[in-house]
Protein chains: 2
Amino acid sequence: MLYSLVDGRARTSTELAAVAAVSPSTASVHLQRLTTQRLVKVFAQGKHRYYSLEGANVAAALEALSVLAGASRNPFVPNTPSRLRAARTCYDHIAGTLGVSLHDRFKALVWLSASSTHGNNRYDLTPNGANALEALGIDVEAARKLRRRFASACLDWSERRPHIGGALGAALLELALKKKWVTQDLDSRALDITKHGRRELSTRFGLDLE
Amino acid sequence: MLYSLVDGRARTSTELAAVAAVSPSTASVHLQRLTTQRLVKVFAQGKHRYYSLEGANVAAALEALSVLAGASRNPFVPNTPSRLRAARTCYDHIAGTLGVSLHDRFKALVWLSASSTHGNNRYDLTPNGANALEALGIDVEAARKLRRRFASACLDWSERRPHIGGALGAALLELALKKKWVTQDLDSRALDITKHGRRELSTRFGLDLE
DNA sequence: CGCACACTTCGTTTACCATCAAACTATGGC
DNA sequence: GCCATAGTTTGATGGTAAACGAAGTGTGCG
């Protein structure tokens with residue numbers, strides 16, 4: 001279970017049960033123990049409970065042990081249709097590889113930081129981030145005034161890593177549609193990244209999508 | 001057991017049994033397993049079998065795990081009389097802190113290297129090392145001709161780390177006595193490092209002894 | 001040579017822990 | 001409001017591995 005989590009992605013208890021080839025109940029008690037021992041952390045989203053490694057310490061220990069064991073692990077392959085995996089909507093914001101990439105990029109640029117006031121999986125825009133997004137045409141102040149969480153880490157279904165949700169996520173999708181960076185599929189949640197969009201994402205955010 | 005070995009010192013199976021608070025027989029089967037799994041290596045000397053960590057990999061893994069456990073280990077304290085621990089003879093060569101320090105220093109200076117032709121715990125002098133020792137007044141060629149092993153790793157009883165044995169070790173002790181770097185105690189195996197010797201060891205080998 | 005010591009091998013016992021099924025709780029969708 | 005799905009709790013069970021004592025092997029010392 002732990003080794004399957006070293007890629008940084010989160011997994012549900014049922015998936016981890018399958019990975020370990022044990023029954024869901026066995027997996028449950030095991031994961032409970034791993035949680036109390038601070039090896040993994042849980043993140044409940046809807047009726048799914050996503051488990052991921054607690055921190056870099058744990059990954060380091062696993063790495064060191066796998067060196068001893070001389071094992072090479074086979075990587076996780078998501079079995080989501082590739083069109084949906086690349087980019088799609090999640091309620092009213094961007095998910096899929098694109099969503100996760102944006103999230104990672106915004107954190108790397110320090111536009112987004114973990115919220116100090118709210119819970120664990122909430123974000124704040126830094127002054128830099130607010131300026132940059134205003135410059136792109138997002139009304140950050142308006143988004144702040146809405147009666148909903150401003151920005152949150154939403155766990156991505158296909159990538160199993162967080163993307164940006166909340167009012168800010170919605171504003172980003174709105175912007176991307178308005179600027180024709182992406183177009184919405186009519187009968188699915190898939191998003192198409194336009195040629196123009198690909199260029200813009202690259203120059204504005206340094207995002208290089210396959 | 002493994003944690004008690006992270007300091008790089010070797011320990012006997014009886015000591016490790018005491019460390020783990022189990023019977024000698026239990027320790028024996030456990031150590032056997034650790035050996036086949038390449039976590040520790042054995043070195044038989046007389047009727048003692050010294051166990052030590054197999055390599056840096058193992059130490060790294062233990063380190064990573066202890067970070068997770070948040071434990072701080074209490075270090076090994078040798079219970080040997082300090083006079084004997086500092087310097088003494090082992091058969092006909094130098095043992096104790098001084099012996100181990102010389103061994104470590106010679107390896108660091110690349111005067112001594114693991115023997116390519118003989119077994120695992122044998123040494124060869126490098127050309128550099130031979131020159132340096134000849135310059136000090138050791139007849140290296142004569143030592144080579146003796147019908148005994150030239151240089152070997154002899155596990156130090158108090159330090160639990162190797163010092164230099166064999167013909168080379170004997171020649172080193174002979175030199176140290178002749179140059180009055182050390183004087184031999186009359187009724188024990190203890191060696192006294194003279195003031196002069198301390199100075200010489202410092203300038204010639206960069207050895208700083210307490 | 002024989003004793004003492006260091007350690008290992010063997011066979012047996014015991015305790016524990018992983019595992020599962022069944023029952024239970026929680027969440028989302030219609 | 002009800003069903004389906006996701007996950008957890010609980011209690012019983014069996015397999016396994018850790019542990020020990022007793023007997024065996026090997027090494028050094030007098």
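Residue numbers start from 1 in every chain, and the chains themselves are labelled A, B, ... in the order their sequence lines are given, proteins ahead of strands.
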List in chain and number order the residues that pass side chain to side chain donor-acceptor pair (under 3.5 Å) with A:Glu200, two or more places apart in sequence or in another chain; answer none if no residue qualifies.
A:Arg204
Can you tell me how far C1' of D:dT10 sits from CD of A:Gln32, to the nearest Å?
11 Å
Whole angstroms only, please: what is the CZ-P distance between A:Arg49 and C:dG28?
13 Å
Whole Å only: how far is the CG atom of B:Leu34 from the P atom of C:dT8?
12 Å
Does atom CD (B:Glu174) have a neighbourhood of more than 12 heavy atoms from anything else shown, all under 6.0 Å?
no
Rounded to whole Å, how long is the line connecting atom NE2 of A:His48 with atom C1' of C:dG29?
13 Å
Judged by atom type as modelled, is there a donor-acceptor pair below 3.5 Å linking the side chain of A:Glu15 to the main-chain atoms of A:Thr12?
yes
Plane angle bin for A:Phe205 and A:Trp111 - parallel if under 30°, tilted between 30 and 60°, otherwise perpendicular
perpendicular
When you measure from the side-chain N and O atoms of A:Ser13 to the phosphate of D:dA6, is any distance below 4.0 Å, counting only OP1 and OP2?
no
Please name all residues satisfying salt bridge (charged side-chain N to carboxylate O under 4.0 Å, His left out) with B:Arg144, sequence neighbours left out, ordered by chain then number.
B:Glu141
Answer with base, sugar-phosphate or nothing: what part of the nucleic acid does A:Tyr51 contact at a heavy-atom distance below 4.0 Å?
sugar-phosphate
In this structure, how many angstroms lie between the P atom of C:dA6 and the CG atom of B:Leu16, rounded?
14 Å
Nearest-nucleotide comparison on DNA chain C, the residue closer to the 5′ end among B:Val42 and A:Gln45
B:Val42
Find every protein N or O atom lying less than 3.5 Å from an N or O atom of nucleotides 18-25 of chain C, and list the pairs.
| unit_1 | atom_1 | unit_2 | atom_2 | d |
| --- | --- | --- | --- | --- |
| C:dA18 | OP1 | A:Arg33 | NH1 | 3.0 |
| C:dA18 | OP2 | A:Arg33 | NH1 | 2.9 |
| C:dA18 | OP2 | A:Arg33 | NH2 | 3.4 |
| C:dC20 | OP2 | A:Ser23 | N | 2.8 |
| C:dC20 | OP2 | A:Ser23 | OG | 3.0 |
| C:dC20 | OP2 | A:Thr26 | OG1 | 2.8 |
| C:dA21 | N6 | A:Ser25 | OG | 3.1 |

Name the closest nucleotide to the B:Lys47 side chain, picking from C:dC5, D:dT9, C:dT8.
C:dC5
Check the angle between the aromatic planes of A:His93 and A:His163 and answer parallel, tilted or perpendicular using the 30° and 60° thresholds.
tilted
